[in-house]
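Heads up: the structure comes next, in structure tokens.
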Amino acid sequence: MSRLVLSRKLSLFEGMDTLSAIQARRAIKHYDPEHRLTDEEEKTLLEAAMQSPTAFNIQHWRFVLVKDPEVRQQIRAAAWDQAQVTDASLLIILAANKAAWQDPAAYWANAPEGVSDFMLPAINQYYAGREQVQQDECMRSCGMAGMTIMLAAKAMGYDTCPMDGFDFDAVGKIINLPNDHVISFMIAVGKGTKEAWPKPGQLPYDQVVINNTF
Ligand SMILES: Cc1cc2nc3c(=O)[nH]c(=O)nc-3n(C[C@H](O)[C@H](O)[C@H](O)COP(=O)(O)O)c2cc1C
């Protein structure tokens, strides 16, 4: 039994703990084009993504599910013809609203008394006039949500491929991206049909783990 099939079976029937999902996840590029997630699976995956943390709880990620085959084809043409764009069960574009900090009422609506009085002005103070911070925050938040999606998908028995190999402006136009939103990257999710090649080269631990200061 291939590693791919084995990891899918393990995750489906025995559940997969977080560390196992982290170890088993690979960027998979070939997918069964006939397979689709059920509505329930799709909701489970996206609701998991929505549990990802955001600074000040601004939840500014927006998950664009591209299901229309024609739109997928257009995105594939803007993505170096990468097959996973059209063949994966789900194509999720992770975008974020750079202006979400301007409308903070909902983010602390259920907080204990006094907390939202403190938080709302703090949000404004942190982001107002700081465009680079607004942009960076979108990338941080989408990065974390993307990892949640990839690990949740693995735990559900699916494979994923994170992707930034595409023309961002062209894809923005295709999906009618609002001016105050930005695309971070996209993720193909589905039933992998071909294993990834073995990891091509991991850097040594001491090169990437720094104790205290550089
Ligand atoms: C931000 C980002 C963008 C990527 N873009 C692409 C892409 O456009 N096409 C692709 O096939 N793989 C893409 N990858 C996958 C990487 O090549 C892959 O994650 C890396 O080689 C490590 O392999 P692994 O994820 O299987 O461990 C991307 C990964 C990341 C994190």
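Start at 1 and go down the list; that is how both ligands and their atoms are numbered.
Remark: the backbone N or O of Gln135 is not paired with any side-chain donor or acceptor of Arg140 at under 3.5 angstrom. Of the possible polar contacts, one joining the Gln82 side chain to the Gly165 backbone as a donor-acceptor pair under 3.5 Å is found. For the pair Tyr107 (side chain) and Ala100 (backbone), a donor-acceptor distance under 3.5 Å is present.
Each of Thr160, Thr18, Asp159 was evaluated against Lys154; a single residue qualifies, Asp159, per the side chain to side chain donor-acceptor pair (under 3.5 Å) test.
Using cut-offs of 30° and 60° on the angle between ring planes, the pair Tyr127 and Phe56 is perpendicular.
Within 4.0 Å of ligand 1, protein heavy atoms belong to Arg25, Arg26, Ala27, Lys29, Gln82, Gln84, Cys161, Pro162, Met163, Asp164, Gly165, Lys199, listed by chain and number.
Met139 and Ile183 fall into different hydrophobic clusters, where Ile, Leu, Val, Met, Phe, Trp and Tyr are joined by side-chain heavy atoms under 4.5 Å apart, directly or via other members.
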